[in-house]
Amino acid sequence: MPHYRQVGSIPHKRHTQFRSPEGGLYAEELMGVEGFSADSALLYHRYLPTAIVDAVAVPDERGGLTPNHPLKPRAYRSQDLKFGDGADAVTDRRRLFGNNDVTIAFAKATAPSPLYRNAAGDELFYVQGGSGTVETIYGALTVGDGDYLVIPTSCTYRVVPDGELTLLILEARGHIGPPKRYLSAKGQFLEHSPYCERDLRGPTEPILAEGTDVDVLVRHRAGLTRYTYANHPFDVVGWDGCLYPWAFNIDDFEPITGRVHQPPPVHQTFEGPNFVVCSFCPRKVDYHPESIPVPYNHANVDSDELMFYVRGNYEARKGSGIGVGSLSLHPSGFTHGPQPGAAEASIGADYFDETAVMVDTFAPLDLGEAADAAEDAGYAWTWSGRGPKG
Ligand SMILES: [Fe+2]
């Protein structure tokens, strides 16, 4: 993140002696991206962050990915995904889609996750329902309905639900942040950005857990490894810098509207390597006297478009079977648009009460086993008005 935070105790001068009340040196750790050339944080540990006592390969049981072939628009019901009692948000997340740039998964967690670190890239949570606490080496963040949470690469964390916590999870092969066009040259949000620093939350105090022989599951490019650390990794007494987990709520995203239909980039919320994330929020719709409020048909020539419908009514999708909890995948190579009759029906509307999270990927999304289990097989034919094919 562009702006600086400080939490807990730190020494006045970086890379100088900083001692505990007992007189021992705290262990300084720099978490920095892009090889010391971009954002970083300095953390001060009670124990050595390097002290591992075991490392074990762990099988990755996500199942395979299959291409979208035959190429079809597809729809899924996240409500149909099955999660066992005691599922957690790390080991029981289920992969819906993926490519070399991003994995998109879903979780319905009712139990605390193990300690976990994704060393292959940043993660982005969208909280579809429930609440919980995400504990990290930087401190804890509470999250609830409609929150986005960005977790930087290699940030150790665990997810502790309050009851049930439902998440859409993106795992990037790189870093996720606000679109660069929203930021000044020095990193401040500009006036045209739909959200700004005041909307963001970060950790506010250290956790300071104690424990010995503590396991941390690490996702890395080759798979999963379980490290055992000599001491609990949540031992940071203070940190400062511009790299940390941060959250904001989709209700704080201020929609940009116009006299005629505004294209999806006005809804952009994040950018990642070869993908973007957009937030479609309740909004006043197009107010030209001759406007058609639902979108025009569009061939998204260079992207696959995944839409997760999270609240409200979807004017453009009436008659398609899509509702809250659905996901639609409109791939490159297929022109999509409003359902039959939706354009005419939308004329005269002045407000859409709908909330959706969209992920546009610049390479095709392959389909995971969880997607196969939750697909509405008749969706592709809903524009024809002829009903499902046999
Ligand atoms: Fe679209």
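Atoms within each ligand, like the ligands themselves, are counted from 1 in listed order. Throughout, numbering of the chain's residues begins at 1 and tracks the sequence. Values below: every heavy atom of this structure, side chains too, minus hydrogens, waters and symmetry copies.
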- With rounding to the nearest 0.5 Å, note down the distance linking OH in Tyr314 to OH in Tyr309. 8.0 Å

- Hey, which of Asn231, Asp235, Thr50 is the one that makes side-chain hydrogen bond (donor to acceptor under 3.5 Å, both in side chains) with His45? Asp235

- Message: Taking the ring of Trp246 and the ring of Tyr138, is the distance between their centroids below 6.0 Å?
- Response: no

- Message: Take a 6.0 Å sphere around CZ of Arg19 and say whether it holds more than 12 heavy atoms from other residues, nucleotides or ligands.
- Response: yes

- Phe270-Val134 co-clustered via ILVMFWY side chain contacts under 4.5 Å: no

- Task: Using a cut-off of 2.8 Å, count how many protein N, O or S atoms are strictly closer to the Fe ion (ligand 1).
- Result: 4

- Asp302 atom CG: more than 12 heavy-atom contacts under 6.0 Å: no

